[in-house]
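First comes the structure, then the notes that go with it.
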Amino acid sequence: MSIDVCNLSFSYGTRKVIDRVSFSARPNELLSVIGPNGVGKSTLFYCILGLYTNYSGQILIDGQDIKGLPLQKMSRLVAYVPQSNYPSFNFSVYDMVLMGTAAQISSISSPGARQRALADAAMERLGISHLRNRPYTRISGGERQLTVIARALAQQTKVLVLDEPVANLDFGNQLLVLTQVKKLARDGYTVVQATHNPDQAFMFSDNILAVHGGQVVACGAPSEVVTESMMQKLYSSNIVVESLYNDKVRVCVPKAVINDQF
Amino acid sequence: MPEEKWRVNKKLVILVLGLVLLFLFIFSFFWGRFSIGPLDLIKMTLSRILNIFSHDFVIEKTWTDTMESIFFRVRMPRVALACLIGCALSVAGASYQGAFQNPMASPDILGASSGAAFGASLAILTGHRALMIMLYAFCFGLLTMGLVFIISRKARGKQIIGLILAGIMVSSLFSAATSYIKLVADTDRQLPEITYWLMGSLNGADSTKFWMAFVPIVLGSLVLFLLRWRINILTIGDEEAKTLGVNTRKLRVVIIIFATLLTAISVAVAGVIGWVGLVVPHLCRRLVGNNFRYLLPASMLFGASFLLLVDNISRNFTTTEIPLGILTAFVGAPFFIYLITRRDEVV
């Protein structure tokens with residue numbers, strides 16, 4: 001299943017936060033959305049998830065216009081992984097993953113054998129089966145994100161939308177989560193994620209969408225987007241982009257550091 | 001498999017809670033100022049049951065008419081009503097906690113009890129009886145919850161605090177209104193009735209009251225019981241819940257309406273019995289975790305046992321019956337302090 005966004009605009013009252021945005025993501029693709037804070041990344045995701053419906057333009061998932069689709073149908077098309085957060089009540093990892101199956105059963109029933117099997121398979125796939133009975137708040141931040149990703153897998157969609165999945169995680173946990181996300185894209189999922197780290201976007205993504213002021217300023221292969229001029233435009237500071245290991249890695253460094261200007 | 005063991009354990013806990021309730025239920029029949037021996041009690045009950053089918057069976061009557069009358073007209077309805085109301089208040093509390101994503105929510109803290117109490121007082125003042133008292137209590141309970149819900153949504157800052165503050169505010173407003181009703185009530189008849197009833201008591205329980213409360217409480221509990229797994233999803237936040245395909249607004253409204261029905265009926269038949277709706281669900285969280293699939297049945301059984309036990313104490317340990325609301329406050333207030341100061345959490 002692919003996502004096609006055409007000419008999407010969205011305003012909060014009179015303030016336009018998304019302005020004629022168009023892009024596509026295909027199966028097997030990990031698309032990273034980069035851009036400064038408050039640029040409308042979360043709003044864009046809420047539109048794709050069907051949470052905001054009063055946008056103009058068109059969003060197609062698997063060729064189907066999602067405007068006005070009921071929540072239950074939407075939840076069969078796209079799954080969402082929010083920024084790491086604490087729920088009001090502590091559930092076990094397994095209970096948390098099972099929640100992904102909500103749309104498959106009626107309001108008055110609890111998950112059955114089929115749903116439990118889906119939850120088990122999702123945890124197995126992400127390597128968190130050993131955590132099943134642990135409290136969600138008592139595992140590491142990376143494991144928490146993997147739990148929410150497992151919930152998204154149990155939802156049985158082919159499109160995953162992740163909003164800064166590694167925000168607030170330490171370096172090791174960031175790698176743990178991003179490696180799994182990348183693997184999912186390789187396995188055929190269509191993955192769209194927001195990130196604040198251009199180095200990581202370069203390392204892990206197949207394509208990068210750069211957004212500034214609600215508009216798309218660049219979209220394409222990482223090597224085309226993570227360039228000095230683009231980084232300076234996005235983050236409005238003097239940045240040097242260094243290429244390492246045959247351009248498998250690019251590192252963004254503030255010029256001030258190199259020139260001892262502190 | 002560890003997971004299977006874990007699930008069986010939770011079911012086992014619920015089974016044990018059920019057995020405790022059964023034991024307390026039977027035990028309560030013997031326990032009272034007017035003592036009825038076990039043998040007489042069994043014969044009496046058997047004779048009643050047999051009489052339903054045929055009048056030919058005759059069991060030798062070893063008991064007095066007073067015994068029979070006290071047992072069937074006073075003690076049995078009271079014991080059954082205590083279970084019913086303990087169950088209703090606990091289920092309402094647990095459901096409010098889920099619907100408002102707030103561990104501090106309960107019928108009394110949210111103001112549903114005060115609203116229902118005002119409605120019921122108003123009905124007593126205007127000379128209404130039984131069914132109309134319930135209806136008034138339900139309408140004003142719903143009105144209160146609507147107000148609290150809207151105010152807490154508009155309040156800035158932390159949701160948990162906003163909701164509790166809105167509850168306190170609306171609750172004190174309705175308490176003041178209830179005080180005004182007491183002021184204008186007829187001091188010979190209505191005032192004592194309202195005052196005593198407000199303190200929470202099962203003193204006036206009879207089988208009419210029981211059956212009137214039975215139907216709506218079973219209905220409300222059944223609806224919430226069926227929706228119990230879904231309530232989990234409301235607690236993780238609205239946006240996430242919606243992306244899982246759950247219509248959060250509709251589900252939340254349904255849960256609040258039925259939890260308020262349970263609260264209002266309890267208040268209408270037994271006055272304001274505080275704390276049960278907060279204390280019982282939290283004790284059950286300790287036993288079976290936060291998953292409503294197990295939490296709700298556990299709360300039902302535990303709540304019924306809890307109020308039955310407290311009512312037994314109220315009936316038997318003191319010469320003048322202490323109203324239930326006073327006793328539950330003695331248990332509830334220290335528990336609340338424990339709740340806000342504790343650190344550890346279990347699933």
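Lettering follows sequence order; numbering is per chain, from 1. What you see is a predicted model, and the numbers here were worked out from it, not measured in a lab.
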**OP:** Using heavy atoms and a sub-4.5 Å threshold, report which of residues 38-49 of chain A line up against chain B, by residue number.
**Re:** A/Y46, A/L49
Subject >> Residue A/S106 versus chain B: region with a heavy atom under 4.5 Å >> reply: backbone
**OP:** Go through A/Y80 and B/L244 one step at a time and tell me if the side-chain contact (heavy atoms from CB on, under 4.5 Å) criterion holds.
**Re:** CA-CA 8 Å; A/Y80 175 52; B/L244 296 176; over 6 Å; no
Original post:
Stepwise, does the side-chain contact (heavy atoms from CB on, under 4.5 Å) test hold for B/I236 with A/M99?
Top reply: CA-CA 10 Å; B/I236 62 170; A/M99 289 188 200; 3.8 Å; yes
Original post:
Considering only heavy atoms, which portion of B/N102 lies under 4.5 Å from any heavy atom of chain A: side chain, backbone, both, or neither?
Top reply: backbone
Original post:
Side chain, backbone, both or neither: which part of A/V78 has a non-hydrogen atom closer than 4.5 Å to chain B?
Top reply: backbone
Original post:
If you count the non-hydrogen atoms of other residues, nucleotides and ligands that lie under 6.0 Å from CD1 in A/I108, is the total more than 12?
Top reply: no
Original post:
Non-hydrogen atoms of chain B under 4.5 Å away: do they reach the side chain of A/R151, the backbone, both or neither?
Top reply: side chain
Original post:
Which one of B/V254, B/L227, B/L226, B/L251 satisfies the side chain to side chain contact (heavy atoms under 4.5 Å, CB included) criterion with A/S107?
Top reply: B/L227
Subject >> Interface residue of largest heavy-atom contact number with chain B, from A/S110, A/P87, A/A103, under 4.5 Å >> reply: A/S110
**OP:** Check whether the side chains of B/N291 and A/D95 place a donor and an acceptor atom closer than 3.5 Å, and report yes or no.
**Re:** yes
Original post:
Based on non-hydrogen pairs under 4.5 Å, which of B/Q97, B/R228, B/R230, B/Q101 is most in contact with chain A?
Top reply: B/R230
Subject >> chain B contact via A/P111 - side chain, backbone, both or neither, heavy atoms under 4.5 Å >> reply: both
Original post:
Counting N and O atoms only, with roles assigned by atom type, does the side chain of A/Q155 sit under 3.5 Å from a partner on the main chain of B/T243, one being a donor and the other an acceptor?
Top reply: yes
**OP:** Could you give me the CA-CA distance, side-chain angles and deciding distance for B/R285 and A/F89, then say whether side-chain contact (heavy atoms from CB on, under 4.5 Å) is met?
**Re:** CA-CA 10 Å; B/R285 285 177 199 282; A/F89 295 105; 3.4 Å; yes
Original post:
Are any side-chain N or O atoms of B/N290 and backbone N or O atoms of A/N90, one a donor and one an acceptor, separated by less than 3.5 Å?
Top reply: yes
Original post:
Where along residues 52-66 of chain A does a heavy atom come under 4.5 Å of chain B, listed by residue number?
Top reply: none
Subject >> Stepwise side-chain contact (heavy atoms from CB on, under 4.5 Å) test for B/V246 and A/L71 >> reply: CA-CA 7 Å; B/V246 175; A/L71 289 170; over 6 Å; no
